[in-house]
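Working notes, beginning with the structure itself.
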2 protein chains.
Amino acid sequence: MAARDLQERIKKLIVDRRLPSGAPLPTEPELMEFLGASRNSVREALKALQAMGIVEIRHGFGTYVGPMSLAPMVEGLAFRTLAGHHRGEDSLLQLLELREAMEAGLVSRLAGRLPEADLTELAALVDRMEERAAQGAGLTETDRAFHAMLYRGLDNVLLSEVLEAFWDAFHRVQRDLVEVAEEPRVTGRRHREILDAVRSGDSIRAEKAIRDHFGNIRARLSDAVMTRPQDPHTHHNERV
Amino acid sequence: MAARDLQERIKKLIVDRRLPSGAPLPTEPELMEFLGASRNSVREALKALQAMGIVEIRHGFGTYVGPMSLAPMVEGLAFRTLAGHHRGEDSLLQLLELREAMEAGLVSRLAGRLPEADLTELAALVDRMEERAAQGAGLTETDRAFHAMLYRGLDNVLLSEVLEAFWDAFHRVQRDLVEVAEEPRVTGRRHREILDAVRSGDSIRAEKAIRDHFGNIRARLSDAVMTRPQDPHTHHNERV
DNA sequence: GGGTATTTGTTCGTATGTATG
DNA sequence: GCATACATACGAACAAATACC
């Protein structure tokens, strides 16, 4: 039997039975009988589906429909970027430019359209960012939260997830690759300017604020010591 | 050994040895010895990596580093959208809105910046589109080519691939799901307007042209008979 | 075209680890 | 602790595809 077929038929089974995320799949013996294949073939198909985030396998417990998150996309993008970088390509810069292009286009549409509730939440995040900057603490957590919150107003879950996926991929690779020379004060200022610009309703100013922010990151990227050829003990992904 | 570890170590092997796309990987017996695992475990790890597009397995020939394309992302997005639709969500519409948001933001930056060579190629594509419309032929091929060519001028390979991936995912699901009521003449006009707007250098006009184009698709989506619950013989993916 | 070696595909049997009751 | 159910892992064998002589 073609192994590709097995994957297709399992996917079809999920769709046909309208199984939602978290629903239990048939056990391996049941799938063996249903698909008419051996245990190993079924397992290989399930492994492939698990890699795509379509199913979730819990040891000694069972197989379930996966959360349908974009985690596999992060995985793939991160590896692609990492491998490209080690081969001398500017893949990390390209990933950053991709984020910049998307966010610049979106923020201009967002200017002046955010509800007050979102704005106050964003303000709280910037406050927290500057607070942590003063303490010399890391800003990545708050940065992620800020960007996620910013585009929540677009009211498109898929779009939000895609943006977060790109954020995750970028920071995963950056963390494993370069020594970031952060300038916390500057980062805080950039985000406050983004917030103010969005609040003011000035699309052009908002887009410029985003581009300045990304320009800052890009500069840090060039200055950074791009030389950490390989350190053997980076296990940088626990399956989500 | 944990199966997750095997995947990580194979990925690490690719990165460490700087293997480019298409380079041969060790054979299964070699990997068994190198990783200290059984053949089944190695195969399951390879299957998972294959699903992520990181390796490519050719029967009776060998295992190779994959093309690092975004094909797995298309796969995952398409399934997620398909499953969501069958569960009553408006996932297909969300995917369309994602494309619209990205293209609208990008095309405004593109207006007036495309080299003459690209513009003539785009014009040729629109001609071909109207030609095929007159013959009653399908427009999907030329539509894909148009959108791909349009954003080539951004000079970011990753961004282009992401856009094409979203295009592919959307059309894959649409094809399997709805009866498209195409209005070829209208589609042709919309694309000519996009081209003219981009050539004119008017950002606002270009963005409006894109939004009109997507608005047209959205309308067709709502009108379409959304009822093709399941036809058993759709094997809609050959691994790339 | 045929034969053989190499490589991946598929199957079976068996033992082990893990969570539930 | 014990029994059950399930996933995990290993080893061995044969089938199918491909390359090379």
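Order of the sequence lines fixes the chain letters, A, B, ..., with proteins taken first and strands second; residue numbering starts at 1 for each chain.
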Find the distance [X]:[atom1] to [N]:[atom2] and express it as a whole number of Å.
{"X": "A:L35", "N": "C:dT11", "atom1": "CG", "atom2": "C1'", "result": "15 Å"}
{"X": "B:E28", "N": "D:dA13", "atom1": "CD", "atom2": "C1'", "result": "15 Å"}
{"X": "A:Q50", "N": "D:dT8", "atom1": "CD", "atom2": "P", "result": "8 Å"}
{"X": "B:Y64", "N": "D:dA17", "atom1": "OH", "atom2": "P", "result": "17 Å"}
{"X": "B:E30", "N": "C:dT6", "atom1": "CD", "atom2": "P", "result": "12 Å"}
{"X": "A:E44", "N": "D:dA7", "atom1": "CD", "atom2": "P", "result": "16 Å"}
{"X": "A:L31", "N": "D:dA5", "atom1": "CG", "atom2": "C1'", "result": "15 Å"}
{"X": "A:I57", "N": "C:dA19", "atom1": "CD1", "atom2": "P", "result": "15 Å"}

OP1 or OP2 of D:dC6 sitting under 4.0 Å from any side-chain N/O of A:T63?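 Answer no for this pair, as no side-chain N or O of A:T63 is under 4.0 Å from OP1 or OP2.
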
Between B:R58 and D:dT18, is there a contact of a side-chain N or O with OP1 or OP2 at under 4.0 Å?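 So the side chain of B:R58 is outside the cut-off, no N or O lying under 4.0 Å from OP1 or OP2 of D:dT18.
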
Honestly, is A:R99 close enough over A:F214, meaning NZ or CZ under 6.0 Å from the six-membered ring centre and within 45° of the axis? no

Side chain of [X] (C-beta onward), nearest among [options]:
{"X": "B:S41", "options": "C:dG9, D:dC10, D:dT8", "answer": "D:dC10"}
{"X": "A:H59", "options": "C:dG9, D:dT8, C:dA19", "answer": "D:dT8"}
{"X": "A:T27", "options": "C:dT8, D:dC6, D:dA9", "answer": "D:dC6"}
{"X": "B:N40", "options": "C:dC12, C:dG9, C:dT18", "answer": "C:dC12"}

Lys/Arg-Asp/Glu bridge criterion (N-O < 4.0 Å) met for A:K47, A:E44: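 Answer for the salt bridge query: no.
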
Is a salt bridge present between A:R132 and A:E141, judged by a nitrogen-to-oxygen distance below 4.0 Å? no

Check: B:H171 and B:T140 side chains under 4.5 Å, non-hydrogen atoms: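 Yes - at least one pair of side-chain heavy atoms lies under 4.5 Å apart.
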
Heavy atoms, side chains only, cut-off 4.5 Å: are B:D143 and B:H191 in contact?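 Sidechains of B:H191 and B:D143: in contact.
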
Taking the nucleotide of DNA chain C with the nearest heavy atom to each, does B:R43 or A:M32 sit closer to the 5' end?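 Comparing both residues, the 5'-ward one is B:R43.
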
When you measure only distances, ignoring hydrogens and angles, does the side chain of A:R39 come within 3.5 Å of the base of C:dG13 through a donor and an acceptor?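 When only heavy-atom distances are counted, A:R39 does not reach the base of C:dG13 through any donor-acceptor pair under 3.5 Å.
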
